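To start, the structure under review is shown below, and the notes come after it.
In each ligand, atom 1 is the first atom listed, and ligand 1 is the first ligand listed. Source: prediction; values computed, not measured.
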Amino acid sequence: MTTFEALVERARALAAGGERAVLGITGAPGSGKTTLAEELVRALGSDAVAHVPMDGFHLADVELDRLGLRDRKGAPETFDALGYASLLRRIQEDEDDVVYAPGFERTLEQPIAGAIPVPRTARLVVTEGNYLLLVEPRWAKVRPLLTEVWYADLDRDERLRRLIERHIRFGKDETAAIDWATGTDERNATLIRATRDRADVIVPAELLCGIGTPPRRRSSGS
Ligand SMILES: Nc1ncnc2c1ncn2[C@@H]1O[C@H](COP(=O)(O)OP(=O)(O)OP(=O)(O)O)[C@@H](O)[C@H]1O
Ligand SMILES: [Mg+2]
């Protein structure tokens with residue numbers, strides 16, 4: 001079975017030649033993509049590795065309202081997919097001393113421009129999000145910009161448990177949390193599950209359960 005140490009070595013090898021490499025991690029909502037990316041960065045050393053979440057390309061609420069998409073937040077059409085591809089292209093071109101990526105603030109549920117510096121020293125960039133392997137035209141521009149893509153394959157029951165817990169931690173009541181996790185999140189999970197076979201590596205549930213920790217209440221979470 002794949003171990004976390006084996007994944008760390010695989011990630012390290014991607015950038016071993018000195019060329020900048022971009023590792024993508026995808027998987028359904030709550031499958032542990034952010035946690036895996038953070039653990040990889042911790043294991044590889046933060047100078048040489050940067051973490052760029054796709055979540056920074058959420059459209060802001062003001063634009064979702066204008067488009068009438070606020071109740072579908074998190075669906076493929078609620079992100080700036082072309083902006084994400086454009087940032088990945090800039091990272092791959094490796095011409096600037098620093099490339100700034102947007103972050104996503106979970107309490108505000110809004111993207112924040114200029115939140116994440118990707119310095120020249122970062123030869124490996126780990127990017128993670130829902131739609132890295134989607135085939136629809138806008139998202140299809142992303143895969144060619146990634147060196148390889150891993151799929152976080154957490155089982156549905158555990159995923160739902162974690163999602164509901166996180167929705168409650170960030171302010172939803174229990175009914176709203178369950179509705180969102182089994183409605184909007186689940187529709188997105190179905191789209192993402194259909195992209196699983198396009199991944200280079202499947203990261204199994206046992207491995208995902210062995211990293212990260214259950215969040216403490218009122219921690220900032222991810
Ligand atoms: N080993 C673990 N045991 C229990 N909960 C965990 C564990 N690892 C991570 N979590 C929690 O599970 C939740 C989902 O993890 P994470 O944020 O990494 O998933 P994600 O795939 O990035 O989710 P999203 O698609 O919503 O961004 C988080 O609240 C995280 O703190
Ligand atoms: Mg995440």
(Q) Using heavy-atom distances only, which candidate in Arg169, Met54, Arg161, Arg162 approaches atom 29 (O) of ligand 1 most closely? (A) Arg169
Q.
For atom 25 (O) of ligand 1, tell me which residue out of Glu39, Lys33, His167 has the closest non-hydrogen atom.
A. Lys33
Q. Which ligand 1 atoms, with their elements, are less than 4.0 angstrom from a heavy-atom of Asn130?
A. 25 (O)
Q: Please name all residues satisfying side-chain hydrogen bond (donor to acceptor under 3.5 Å, both in side chains) with Tyr151, sequence neighbours left out, ordered by chain then number.
A: none
**Q.** Heavy-atom donor-acceptor pair, Asp96 side chain to Val99 backbone, under 3.5 Å
**A.** no
Q | Short N or O distance, Leu163 and ligand 1, threshold 3.5 Å exclusive | A | no
Q) Taking distance alone, with no angle check, do Glu158 and ligand 1 share an N/O pair under 3.5 Å? A) no
Q: Look at the N, O or S atoms of Thr34, main chain and side chain alike, and state whether any lies under 2.8 Å from the Mg ion (ligand 2).
A: yes
Q. Is there at least one pair of N or O atoms, one from Pro29 and one from ligand 1, spaced under 3.5 Å apart?
A. no
Q.
Assess, by modelled atom type and distance only, whether the side chains of His167 and Asp185 contain a donor and an acceptor separated by less than 3.5 Å.
A. yes
Q. Step by step, would you call Glu136 with Lys141 a salt bridge (Lys or Arg N to Asp or Glu O under 4.0 Å)?
A. CA-CA 9 Å; Glu136 73 168 55; Lys141 293 190 189 300; over 6 Å; no
Q.
Show the atoms of ligand 1 that are less than 4.0 angstrom away from any heavy atom in Ser31.
A. 19 (O), 21 (O)
(Q) Once side-chain hydrogen bond (donor to acceptor under 3.5 Å, both in side chains) is applied, do any residues pair with Glu158, and if so which ones, sequence neighbours excluded? (A) Arg161, Arg162
**Q.** From Glu128, Glu165, Arg106 - option closest to atom 27 (O) of ligand 1 by heavy atom
**A.** Arg106
(Q) Give the atom numbers and elements of ligand 1 that come within less than 4.0 Å of a heavy atom of Gly32. (A) 15 (O), 16 (P), 18 (O), 19 (O), 20 (P), 21 (O)
Q) Which of the numbered atoms in ligand 1 are below 4.0 angstrom from a heavy atom of Cys209? A) 1 (N)
Q.
As an exercise, identify every atom of ligand 1 less than 4.0 angstrom from a heavy atom of Thr35.
A. 8 (N), 9 (C), 15 (O), 16 (P), 18 (O)
Q | Expected output: side-chain Thr78 to main-chain Gly74 donor-acceptor under 3.5 Å | A | yes
Q) Within the side chain of Thr26, is there an N or O that forms a donor-acceptor pair under 3.5 Å with the backbone of Gly129? A) yes
Q.
I'd like to know whether ligand 1 has Gly27 as a neighbour, heavy-atom separation below 4.0 Å.
A. no
Q: Quick one: pull up CG in Asp55 and OG1 in Thr34 and give me the separation to the nearest 0.5 Å.
A: 6.0 Å
Q.
Quiz question: by atom type and distance under 3.5 Å, do the side chains of His51 and Glu128 form a donor-acceptor pair?
A. yes
Q | contact_flag Asp185 ligand 1 heavy-atom lt 4.0 Å | A | no
